[in-house]
Protein chains: 2
Amino acid sequence: MNRISVLLVDDHLVVRSGLKALLATQPDIDVIGEAATGEEGLQAARELSPDVVMMDLAMGPGIDGIEAIQRLRQAKPRQAILVFTTYDSDADIVRAVDAGAMGYLLKDAAPEEIFSAVRGAVQGRSVMSAPVASRLFQQLRNPDELLTPREAELLSLLTQGLSNRELGKRLFISEATVKTHLAHIYAKLGVETRAAAIAVAIRREGMR
Amino acid sequence: MNRISVLLVDDHLVVRSGLKALLATQPDIDVIGEAATGEEGLQAARELSPDVVMMDLAMGPGIDGIEAIQRLRQAKPRQAILVFTTYDSDADIVRAVDAGAMGYLLKDAAPEEIFSAVRGAVQGRSVMSAPVASRLFQQLRNPDELLTPREAELLSLLTQGLSNRELGKRLFISEATVKTHLAHIYAKLGVETRAAAIAVAIRREGMR
DNA sequence: AGGCACCTCAGACTTTTGGCTGATACCTCG
DNA sequence: CGAGGTATCAGCCAAAAGTCTGAGGTGCCT
(Lines give C-alpha, C1' and ligand atoms only; values in the text may rest on other atoms or scores of the structure.)
Protein backbone atom coordinates (compact mmCIF):
# COMPACT_ATOMS: atom_id res chain seq x y z
CA MET A 1 0.00 0.00 0.00
CA ASN A 2 1.24 3.47 -0.79
CA ARG A 3 2.09 5.69 2.10
CA ILE A 4 -0.27 8.51 2.86
CA SER A 5 1.12 12.02 2.45
CA VAL A 6 -0.25 14.64 4.82
CA LEU A 7 -0.05 18.42 4.90
CA LEU A 8 -0.57 20.15 8.24
CA VAL A 9 -2.09 23.64 8.34
CA ASP A 10 -2.29 25.21 11.77
CA ASP A 11 -1.15 28.47 13.18
CA HIS A 12 0.22 26.91 16.34
CA LEU A 13 3.69 25.51 16.04
CA VAL A 14 3.21 23.23 19.01
CA VAL A 15 0.14 21.69 17.49
CA ARG A 16 1.90 21.07 14.22
CA SER A 17 4.92 19.45 15.79
CA GLY A 18 2.85 17.45 18.19
CA LEU A 19 0.66 16.15 15.43
CA LYS A 20 3.65 15.50 13.25
CA ALA A 21 5.32 13.45 15.96
CA LEU A 22 2.14 11.55 16.54
CA LEU A 23 1.64 10.76 12.88
CA ALA A 24 5.32 9.79 12.57
CA THR A 25 4.62 6.76 14.75
CA GLN A 26 2.55 5.34 11.93
CA PRO A 27 4.51 3.59 9.22
CA ASP A 28 1.94 4.28 6.54
CA ILE A 29 1.62 8.03 7.14
CA ASP A 30 4.05 10.75 6.04
CA VAL A 31 3.82 14.40 6.96
CA ILE A 32 5.22 16.02 3.86
CA GLY A 33 4.61 19.66 4.70
CA GLU A 34 3.40 22.28 7.16
CA ALA A 35 1.84 25.70 6.88
CA ALA A 36 0.90 28.31 9.46
CA THR A 37 -1.73 30.31 7.58
CA GLY A 38 -4.53 29.72 5.14
CA GLU A 39 -2.57 31.28 2.33
CA GLU A 40 0.51 29.18 2.98
CA GLY A 41 -1.70 26.15 3.23
CA LEU A 42 -3.19 26.73 -0.19
CA GLN A 43 0.21 27.34 -1.64
CA ALA A 44 1.67 24.22 -0.06
CA ALA A 45 -1.29 22.11 -1.14
CA ARG A 46 -0.74 23.21 -4.72
CA GLU A 47 2.96 22.40 -4.65
CA LEU A 48 2.92 19.21 -2.66
CA SER A 49 -0.37 17.63 -3.67
CA PRO A 50 -0.75 15.74 -0.42
CA ASP A 51 -3.29 12.99 -0.06
CA VAL A 52 -4.75 14.63 3.01
CA VAL A 53 -4.78 18.18 4.32
CA MET A 54 -5.31 18.56 8.03
CA MET A 55 -6.42 22.04 8.82
CA ASP A 56 -7.36 24.17 11.78
CA LEU A 57 -10.38 26.40 11.36
CA ALA A 58 -9.26 29.48 13.29
CA MET A 59 -6.03 30.86 11.92
CA GLY A 60 -5.49 34.46 12.81
CA PRO A 61 -5.78 37.11 10.12
CA GLY A 62 -6.15 36.39 6.44
CA ILE A 63 -8.01 33.45 5.00
CA ASP A 64 -9.84 31.45 7.60
CA GLY A 65 -10.22 27.72 7.59
CA ILE A 66 -13.62 27.64 5.95
CA GLU A 67 -12.52 29.73 3.04
CA ALA A 68 -9.33 27.74 2.70
CA ILE A 69 -11.39 24.57 2.47
CA GLN A 70 -13.61 26.01 -0.20
CA ARG A 71 -10.66 27.10 -2.31
CA LEU A 72 -8.88 23.85 -1.86
CA ARG A 73 -11.88 21.94 -3.05
CA GLN A 74 -12.19 24.19 -6.03
CA ALA A 75 -8.53 23.74 -6.92
CA LYS A 76 -8.25 20.05 -6.08
CA PRO A 77 -11.63 18.45 -5.64
CA ARG A 78 -10.17 15.03 -5.02
CA GLN A 79 -7.96 16.03 -2.14
CA ALA A 80 -9.23 14.96 1.25
CA ILE A 81 -9.52 17.66 3.86
CA LEU A 82 -9.68 16.98 7.56
CA VAL A 83 -10.64 19.69 9.98
CA PHE A 84 -8.61 19.48 13.15
CA THR A 85 -9.72 22.07 15.63
CA THR A 86 -10.40 22.90 19.23
CA TYR A 87 -14.01 23.94 19.10
CA ASP A 88 -17.10 22.14 18.08
CA SER A 89 -19.69 24.85 17.61
CA ASP A 90 -22.66 23.87 15.53
CA ALA A 91 -21.97 26.61 13.08
CA ASP A 92 -18.37 25.65 12.45
CA ILE A 93 -19.19 22.01 11.93
CA VAL A 94 -21.94 22.66 9.47
CA ARG A 95 -19.96 25.22 7.57
CA ALA A 96 -16.87 23.06 7.38
CA VAL A 97 -18.73 20.00 6.17
CA ASP A 98 -20.65 22.21 3.83
CA ALA A 99 -17.43 23.65 2.47
CA GLY A 100 -16.26 20.17 1.69
CA ALA A 101 -14.37 18.80 4.68
CA MET A 102 -14.11 15.01 4.77
CA GLY A 103 -13.80 14.80 8.50
CA TYR A 104 -13.92 16.86 11.63
CA LEU A 105 -11.61 16.05 14.50
CA LEU A 106 -11.28 17.72 17.84
CA LYS A 107 -7.80 18.34 19.11
CA ASP A 108 -8.41 16.18 22.13
CA ALA A 109 -9.26 13.20 19.96
CA ALA A 110 -7.55 9.91 20.78
CA PRO A 111 -4.50 9.06 18.62
CA GLU A 112 -6.21 6.02 17.17
CA GLU A 113 -9.09 8.18 16.14
CA ILE A 114 -6.79 10.55 14.33
CA PHE A 115 -4.98 7.75 12.51
CA SER A 116 -8.15 6.15 11.35
CA ALA A 117 -9.50 9.50 10.24
CA VAL A 118 -6.47 10.04 8.04
CA ARG A 119 -6.69 6.56 6.57
CA GLY A 120 -10.40 6.84 6.14
CA ALA A 121 -10.13 10.19 4.41
CA VAL A 122 -7.98 8.89 1.57
CA GLN A 123 -10.49 6.12 1.01
CA GLY A 124 -13.29 8.60 0.81
CA ARG A 125 -14.72 7.75 4.17
CA SER A 126 -15.52 10.61 6.48
CA VAL A 127 -14.57 10.34 10.08
CA MET A 128 -15.43 12.61 12.88
CA SER A 129 -15.06 12.80 16.62
CA ALA A 130 -17.99 11.36 18.47
CA PRO A 131 -19.33 14.63 19.91
CA VAL A 132 -19.03 16.22 16.51
CA ALA A 133 -20.84 13.41 14.79
CA SER A 134 -23.77 13.53 17.12
CA ARG A 135 -24.18 17.24 16.66
CA LEU A 136 -23.98 16.98 12.93
CA PHE A 137 -26.50 14.20 12.77
CA GLN A 138 -28.87 16.20 14.81
CA GLN A 139 -28.45 19.10 12.44
CA LEU A 140 -28.99 17.07 9.33
CA ARG A 141 -31.86 15.00 10.57
CA ASN A 142 -33.95 17.98 11.52
CA PRO A 143 -32.22 21.26 11.99
CA ASP A 144 -35.35 22.87 13.28
CA GLU A 145 -35.18 20.96 16.48
CA LEU A 146 -32.27 23.13 17.36
CA LEU A 147 -34.28 26.27 16.92
CA THR A 148 -36.45 27.30 19.83
CA PRO A 149 -40.13 27.89 19.02
CA ARG A 150 -39.64 31.60 19.09
CA GLU A 151 -36.64 31.40 16.81
CA ALA A 152 -38.52 29.24 14.35
CA GLU A 153 -41.33 31.75 14.34
CA LEU A 154 -38.90 34.54 13.64
CA LEU A 155 -37.18 32.59 10.90
CA SER A 156 -40.46 31.95 9.22
CA LEU A 157 -41.26 35.63 9.13
CA LEU A 158 -37.70 36.36 8.09
CA THR A 159 -38.23 34.36 4.92
CA GLN A 160 -41.00 36.78 4.04
CA GLY A 161 -38.32 39.40 3.68
CA LEU A 162 -39.26 41.48 6.71
CA SER A 163 -36.86 43.95 8.31
CA ASN A 164 -35.91 43.90 11.98
CA ARG A 165 -38.32 46.69 12.68
CA GLU A 166 -41.15 44.84 10.98
CA LEU A 167 -40.29 41.63 12.76
CA GLY A 168 -40.43 43.46 16.05
CA LYS A 169 -43.82 44.93 15.33
CA ARG A 170 -45.22 41.67 14.13
CA LEU A 171 -44.06 39.78 17.19
CA PHE A 172 -44.61 42.57 19.68
CA ILE A 173 -41.00 42.64 20.79
CA SER A 174 -38.27 45.26 20.54
CA GLU A 175 -35.77 45.45 17.74
CA ALA A 176 -33.08 44.59 20.27
CA THR A 177 -34.77 41.30 20.97
CA VAL A 178 -35.15 40.63 17.30
CA LYS A 179 -31.43 41.06 16.91
CA THR A 180 -30.73 38.69 19.74
CA HIS A 181 -32.91 36.00 18.23
CA LEU A 182 -31.41 36.54 14.82
CA ALA A 183 -27.89 36.20 16.16
CA HIS A 184 -28.87 32.85 17.65
CA ILE A 185 -30.52 31.74 14.45
CA TYR A 186 -27.50 32.67 12.38
CA ALA A 187 -25.25 30.70 14.69
CA LYS A 188 -27.46 27.65 14.50
CA LEU A 189 -27.82 27.77 10.75
CA GLY A 190 -24.15 28.38 10.26
CA VAL A 191 -24.48 31.67 8.44
CA GLU A 192 -23.68 35.25 9.28
CA THR A 193 -26.13 37.33 7.33
CA ARG A 194 -29.86 37.39 7.06
CA ALA A 195 -29.53 36.93 3.35
CA ALA A 196 -27.82 33.60 3.78
CA ALA A 197 -30.23 32.60 6.52
CA ILE A 198 -33.16 33.22 4.23
CA ALA A 199 -31.53 31.29 1.44
CA VAL A 200 -30.90 28.32 3.69
CA ALA A 201 -34.31 28.41 5.29
CA ILE A 202 -36.31 28.64 2.10
CA ARG A 203 -34.30 26.01 0.30
CA ARG A 204 -34.77 23.70 3.22
CA GLU A 205 -38.50 24.29 3.24
CA GLY A 206 -38.57 23.17 -0.34
CA MET A 207 -36.74 19.97 0.45
CA ARG A 208 -39.38 18.71 2.79
CA MET B 1 -78.91 34.39 -5.61
CA ASN B 2 -77.73 35.93 -2.37
CA ARG B 3 -76.76 39.53 -2.42
CA ILE B 4 -73.11 40.31 -2.26
CA SER B 5 -71.92 42.16 0.84
CA VAL B 6 -69.05 44.57 0.34
CA LEU B 7 -66.78 46.41 2.74
CA LEU B 8 -65.05 49.56 1.50
CA VAL B 9 -61.67 50.54 2.88
CA ASP B 10 -60.28 53.81 1.61
CA ASP B 11 -58.97 56.90 3.34
CA HIS B 12 -60.81 59.26 1.02
CA LEU B 13 -64.39 59.93 1.96
CA VAL B 14 -65.28 61.02 -1.56
CA VAL B 15 -64.02 57.80 -3.00
CA ARG B 16 -65.98 55.75 -0.52
CA SER B 17 -69.24 57.57 -1.09
CA GLY B 18 -68.79 57.62 -4.83
CA LEU B 19 -68.10 53.93 -4.92
CA LYS B 20 -70.96 53.27 -2.56
CA ALA B 21 -73.37 55.17 -4.76
CA LEU B 22 -72.10 53.37 -7.80
CA LEU B 23 -72.47 49.97 -6.24
CA ALA B 24 -75.94 50.91 -4.93
CA THR B 25 -77.19 50.94 -8.52
CA GLN B 26 -76.68 47.22 -8.61
CA PRO B 27 -79.50 45.17 -7.09
CA ASP B 28 -77.27 42.27 -6.17
CA ILE B 29 -74.58 44.26 -4.34
CA ASP B 30 -74.78 45.70 -0.83
CA VAL B 31 -72.20 47.93 0.76
CA ILE B 32 -72.43 46.87 4.38
CA GLY B 33 -69.58 48.87 5.82
CA GLU B 34 -66.82 51.42 5.33
CA ALA B 35 -63.45 52.05 6.92
CA ALA B 36 -60.90 54.81 6.51
CA THR B 37 -57.72 53.10 7.70
CA GLY B 38 -56.10 49.72 7.55
CA GLU B 39 -56.80 49.11 11.22
CA GLU B 40 -60.44 50.01 10.93
CA GLY B 41 -60.68 47.87 7.86
CA LEU B 42 -59.39 44.82 9.66
CA GLN B 43 -61.73 45.47 12.54
CA ALA B 44 -64.72 45.93 10.28
CA ALA B 45 -63.87 42.84 8.28
CA ARG B 46 -63.83 40.81 11.47
CA GLU B 47 -67.17 42.13 12.62
CA LEU B 48 -69.05 42.22 9.37
CA SER B 49 -67.60 39.27 7.50
CA PRO B 50 -68.30 40.78 4.09
CA ASP B 51 -68.08 38.69 0.96
CA VAL B 52 -65.74 41.16 -0.64
CA VAL B 53 -63.34 43.75 0.76
CA MET B 54 -62.47 46.59 -1.59
CA MET B 55 -59.32 48.28 -0.42
CA ASP B 56 -57.05 51.10 -1.39
CA LEU B 57 -53.35 50.43 -1.15
CA ALA B 58 -52.09 53.78 0.10
CA MET B 59 -53.80 54.78 3.29
CA GLY B 60 -51.87 57.35 5.22
CA PRO B 61 -50.10 56.32 8.42
CA GLY B 62 -50.53 52.98 10.13
CA ILE B 63 -51.07 49.71 8.34
CA ASP B 64 -50.75 50.01 4.60
CA GLY B 65 -52.86 48.15 2.11
CA ILE B 66 -50.44 45.33 1.48
CA GLU B 67 -50.11 44.52 5.13
CA ALA B 68 -53.86 44.77 5.61
CA ILE B 69 -54.34 42.26 2.81
CA GLN B 70 -51.88 39.85 4.35
CA ARG B 71 -53.55 40.01 7.73
CA LEU B 72 -56.99 39.69 6.26
CA ARG B 73 -55.98 36.59 4.43
CA GLN B 74 -54.50 35.16 7.57
CA ALA B 75 -57.65 35.90 9.53
CA LYS B 76 -60.17 35.01 6.85
CA PRO B 77 -58.58 33.12 4.01
CA ARG B 78 -61.86 32.71 2.15
CA GLN B 79 -62.69 36.38 1.99
CA ALA B 80 -62.21 37.96 -1.42
CA ILE B 81 -60.09 41.09 -1.51
CA LEU B 82 -60.15 43.59 -4.32
CA VAL B 83 -57.53 46.26 -4.59
CA PHE B 84 -58.99 49.53 -5.76
CA THR B 85 -56.31 52.11 -6.20
CA THR B 86 -54.97 54.96 -8.28
CA TYR B 87 -51.57 53.71 -9.24
CA ASP B 88 -50.45 50.72 -11.19
CA SER B 89 -46.77 50.38 -10.47
CA ASP B 90 -45.31 46.98 -11.13
CA ALA B 91 -44.20 46.72 -7.57
CA ASP B 92 -47.61 47.38 -6.06
CA ILE B 93 -49.38 44.98 -8.35
CA VAL B 94 -47.04 42.13 -7.71
CA ARG B 95 -47.02 42.70 -3.99
CA ALA B 96 -50.79 42.96 -3.77
CA VAL B 97 -51.42 39.82 -5.77
CA ASP B 98 -48.70 38.13 -3.84
CA ALA B 99 -50.31 39.16 -0.58
CA GLY B 100 -53.49 37.52 -1.71
CA ALA B 101 -55.60 40.08 -3.56
CA MET B 102 -58.22 38.55 -5.88
CA GLY B 103 -58.35 41.51 -8.20
CA TYR B 104 -56.72 44.80 -8.92
CA LEU B 105 -58.82 47.71 -10.14
CA LEU B 106 -57.78 51.22 -11.04
CA LYS B 107 -59.96 54.03 -9.81
CA ASP B 108 -60.66 55.15 -13.34
CA ALA B 109 -62.05 51.76 -14.25
CA ALA B 110 -65.43 51.66 -16.01
CA PRO B 111 -68.45 50.95 -13.77
CA GLU B 112 -69.20 47.71 -15.56
CA GLU B 113 -65.67 46.60 -14.92
CA ILE B 114 -66.05 47.28 -11.23
CA PHE B 115 -69.33 45.41 -10.98
CA SER B 116 -68.03 42.39 -12.74
CA ALA B 117 -64.92 42.43 -10.60
CA VAL B 118 -67.03 42.30 -7.45
CA ARG B 119 -69.20 39.50 -8.81
CA GLY B 120 -66.20 37.63 -10.10
CA ALA B 121 -64.38 37.92 -6.79
CA VAL B 122 -67.03 36.07 -4.82
CA GLN B 123 -66.95 33.30 -7.38
CA GLY B 124 -63.23 33.00 -7.03
CA ARG B 125 -62.47 34.61 -10.34
CA SER B 126 -59.87 37.32 -10.36
CA VAL B 127 -60.54 40.42 -12.34
CA MET B 128 -58.24 43.27 -13.06
CA SER B 129 -58.14 46.42 -15.09
CA ALA B 130 -56.69 45.92 -18.52
CA PRO B 131 -53.46 47.86 -18.02
CA VAL B 132 -52.93 46.06 -14.75
CA ALA B 133 -53.55 42.67 -16.28
CA SER B 134 -51.07 43.18 -19.03
CA ARG B 135 -48.38 44.24 -16.62
CA LEU B 136 -49.05 41.34 -14.35
CA PHE B 137 -49.08 38.82 -17.13
CA GLN B 138 -45.77 40.04 -18.28
CA GLN B 139 -44.43 39.62 -14.78
CA LEU B 140 -45.87 36.20 -14.23
CA ARG B 141 -45.27 34.68 -17.60
CA ASN B 142 -41.59 35.09 -17.25
CA PRO B 143 -40.43 37.64 -14.80
CA ASP B 144 -36.89 37.02 -15.84
CA GLU B 145 -37.49 38.60 -19.16
CA LEU B 146 -37.71 41.82 -17.32
CA LEU B 147 -34.30 41.26 -15.87
CA THR B 148 -31.33 41.93 -18.06
CA PRO B 149 -28.85 39.06 -18.40
CA ARG B 150 -26.49 40.74 -16.02
CA GLU B 151 -29.20 41.31 -13.48
CA ALA B 152 -30.30 37.70 -13.67
CA GLU B 153 -26.73 36.62 -13.09
CA LEU B 154 -26.52 38.84 -10.07
CA LEU B 155 -29.82 37.63 -8.71
CA SER B 156 -28.73 34.07 -9.01
CA LEU B 157 -25.62 34.75 -6.96
CA LEU B 158 -27.65 36.83 -4.57
CA THR B 159 -29.70 33.78 -3.67
CA GLN B 160 -26.51 32.14 -2.50
CA GLY B 161 -26.44 34.70 0.25
CA LEU B 162 -23.43 36.64 -1.00
CA SER B 163 -22.66 40.18 0.16
CA ASN B 164 -22.21 43.12 -2.17
CA ARG B 165 -18.47 42.85 -1.83
CA GLU B 166 -18.54 39.17 -2.70
CA LEU B 167 -20.85 39.78 -5.62
CA GLY B 168 -18.44 42.38 -6.93
CA LYS B 169 -15.47 40.06 -6.68
CA ARG B 170 -17.31 37.22 -8.27
CA LEU B 171 -18.45 39.29 -11.22
CA PHE B 172 -15.34 41.44 -11.51
CA ILE B 173 -17.23 44.66 -11.03
CA SER B 174 -17.14 47.33 -8.33
CA GLU B 175 -19.41 47.40 -5.34
CA ALA B 176 -20.94 50.57 -6.76
CA THR B 177 -22.03 48.69 -9.83
CA VAL B 178 -23.40 45.88 -7.73
CA LYS B 179 -25.52 48.38 -5.89
CA THR B 180 -26.81 49.82 -9.11
CA HIS B 181 -27.83 46.41 -10.42
CA LEU B 182 -29.44 45.53 -7.14
CA ALA B 183 -31.49 48.70 -7.11
CA HIS B 184 -32.80 47.79 -10.56
CA ILE B 185 -33.53 44.24 -9.52
CA TYR B 186 -35.43 45.38 -6.44
CA ALA B 187 -37.55 47.69 -8.52
CA LYS B 188 -38.36 44.96 -11.01
CA LEU B 189 -39.18 42.37 -8.38
CA GLY B 190 -41.25 44.82 -6.40
CA VAL B 191 -39.24 44.64 -3.22
CA GLU B 192 -36.95 46.99 -1.40
CA THR B 193 -34.49 44.83 0.42
CA ARG B 194 -32.17 42.06 -0.58
CA ALA B 195 -33.86 39.83 1.92
CA ALA B 196 -37.18 40.11 0.14
CA ALA B 197 -35.49 39.78 -3.24
CA ILE B 198 -33.91 36.52 -2.18
CA ALA B 199 -37.19 35.25 -0.82
CA VAL B 200 -39.00 36.03 -4.05
CA ALA B 201 -36.26 34.66 -6.27
CA ILE B 202 -35.83 31.37 -4.48
CA ARG B 203 -39.52 30.71 -4.16
CA ARG B 204 -39.90 31.37 -7.85
CA GLU B 205 -37.10 28.99 -8.66
CA GLY B 206 -38.94 26.30 -6.84
CA MET B 207 -42.12 26.92 -8.78
CA ARG B 208 -40.58 26.20 -12.12
C1' DA C 1 -26.56 60.30 -36.90
C1' DG C 2 -29.51 59.83 -33.09
C1' DG C 3 -31.96 57.24 -29.72
C1' DC C 4 -32.12 53.54 -26.49
C1' DA C 5 -30.96 49.82 -23.54
C1' DC C 6 -27.38 48.03 -20.94
C1' DC C 7 -23.25 47.97 -18.12
C1' DT C 8 -20.13 50.38 -15.72
C1' DC C 9 -18.56 53.61 -11.82
C1' DA C 10 -18.28 57.52 -8.01
C1' DG C 11 -19.41 60.17 -3.98
C1' DA C 12 -22.29 61.42 -0.34
C1' DC C 13 -25.66 60.37 2.74
C1' DT C 14 -29.17 57.63 5.66
C1' DT C 15 -30.81 53.46 7.36
C1' DT C 16 -30.27 48.79 8.55
C1' DT C 17 -27.65 45.04 10.14
C1' DG C 18 -24.70 42.57 12.91
C1' DG C 19 -21.36 41.95 16.94
C1' DC C 20 -20.58 42.46 21.69
C1' DT C 21 -21.50 43.01 26.53
C1' DG C 22 -24.33 42.69 30.00
C1' DA C 23 -28.79 42.50 32.41
C1' DT C 24 -33.55 40.88 34.04
C1' DA C 25 -37.09 37.51 34.37
C1' DC C 26 -39.42 33.17 34.03
C1' DC C 27 -39.58 28.16 34.03
C1' DT C 28 -38.15 23.63 34.58
C1' DC C 29 -35.35 19.95 36.03
C1' DG C 30 -32.68 17.70 39.29
C1' DC D 1 -32.51 25.96 45.69
C1' DG D 2 -29.25 26.40 41.93
C1' DA D 3 -28.34 25.54 36.95
C1' DG D 4 -29.58 25.90 32.42
C1' DG D 5 -32.54 27.18 28.71
C1' DT D 6 -35.58 30.63 26.87
C1' DA D 7 -37.22 35.27 26.09
C1' DT D 8 -36.85 39.83 26.84
C1' DC D 9 -34.22 44.41 26.43
C1' DA D 10 -30.31 48.32 26.18
C1' DG D 11 -26.43 50.69 24.41
C1' DC D 12 -22.50 51.10 21.62
C1' DC D 13 -19.95 50.49 17.67
C1' DA D 14 -18.55 48.97 13.05
C1' DA D 15 -19.92 47.23 8.73
C1' DA D 16 -23.11 46.59 5.14
C1' DA D 17 -26.89 47.92 2.54
C1' DG D 18 -29.71 51.16 0.14
C1' DT D 19 -30.81 55.90 -2.15
C1' DC D 20 -29.75 59.61 -5.10
C1' DT D 21 -27.47 62.09 -8.53
C1' DG D 22 -24.70 62.20 -12.15
C1' DA D 23 -21.90 60.30 -15.78
C1' DG D 24 -19.06 57.65 -19.45
C1' DG D 25 -18.85 53.77 -22.58
C1' DT D 26 -20.76 50.16 -25.61
C1' DG D 27 -23.63 48.22 -29.08
C1' DC D 28 -27.79 47.91 -31.64
C1' DC D 29 -31.69 49.51 -34.32
C1' DT D 30 -33.70 52.95 -37.24
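The sequence lines fix the lettering, A, B, ..., with proteins before strands; numbering per chain opens at 1.
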Under the side-chain hydrogen bond (donor to acceptor under 3.5 Å, both in side chains) rule, collect the residues that match up with [X], sequence neighbours excluded.
X      : result
B/E34  : B/R16, B/K20
A/R165 : none
B/E153 : B/R150

Checklist entry - Separation of A/H181 atom NE2 from D/dG5 atom P, in whole Å? => result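 In whole Å, D/dG5 P and A/H181 NE2 are 16 Å from each other.
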Item to check | Nearest-angstrom distance from the residue atom NE2 of A/H184 to P of D/dT6 | outcome: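 Between P of D/dT6 and NE2 of A/H184: 9 Å.
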Next on the checklist: At a heavy-atom distance below 4.0 Å, which nucleotide of DNA chain C is the first touched by chain B, and which is the last?
Outcome noted: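 Using the under 4.0 Å cut-off, the span is C/dC6 to C/dA10.
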Next on the checklist: Could you tell me if A/Q43 and A/E47 have a donor-acceptor pair between their side chains, going purely by distance under 3.5 Å?
Outcome noted: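 Side chains of A/E47 and A/Q43: pair found under 3.5 Å.
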Next on the checklist: Is it the case that the side chains of A/S5 and A/D30 hold a donor-acceptor pair, with the cut-off being a distance below 3.5 Å and no angle test?
Outcome noted: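 No pair is found: no donor N or O on one side chain lies under 3.5 Å from an acceptor on the other.
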I'd like a table of atom pairs between the protein and nucleotides 17-19 of chain D - only N or O on both sides, under 3.5 Å - with the distance next to each one.
| residue | atom | partner | partner atom | Å |
| --- | --- | --- | --- | --- |
| D/dA17 | OP2 | B/N164 | N | 3.0 |
| D/dG18 | OP1 | B/Y186 | OH | 3.4 |
| D/dG18 | OP1 | B/R194 | N | 2.6 |
| D/dG18 | OP2 | B/Y186 | OH | 2.6 |
| D/dG18 | OP2 | B/R194 | NE | 3.2 |
| D/dG18 | N7 | B/K179 | NZ | 2.9 |
| D/dG18 | O6 | B/K179 | NZ | 2.9 |

Is there a donor-acceptor pair under 3.5 Å between the side chain of [X] and the backbone N or O of [Y]?
X      : Y      : value
A/R194 : A/L162 : yes
B/Q160 : B/L157 : no
A/T25  : A/A21  : no

Checklist entry - Between the two ends of the helix from C/dA1-D/dT30 to C/dG30-D/dC1, what is the bend in degrees, rounded to 10 degrees, where each end axis spans five pairs? => result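 So the angle between the two local helix axes works out to 40°.
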Checklist entry - Can you name the closest pair of heavy atoms from B/V6 and B/P50 and give their distance? => result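 For B/V6 versus B/P50, the nearest heavy atoms are C-CB, 4.2 Å.
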Next on the checklist: I need the minimum non-hydrogen distance between B/A201 and B/T159, along with the two atoms involved.
Outcome noted: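 Answer, listing the atom of B/A201 first, then B/T159: CB-CG2, 3.6 Å.
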Next on the checklist: Classify B/S174 by what it touches in the nucleic acid, base, sugar-phosphate, or nothing, heavy-atom distance under 4.0 Å.
Outcome noted: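 Answer is sugar-phosphate: B/S174 comes under 4.0 Å of backbone atoms only.
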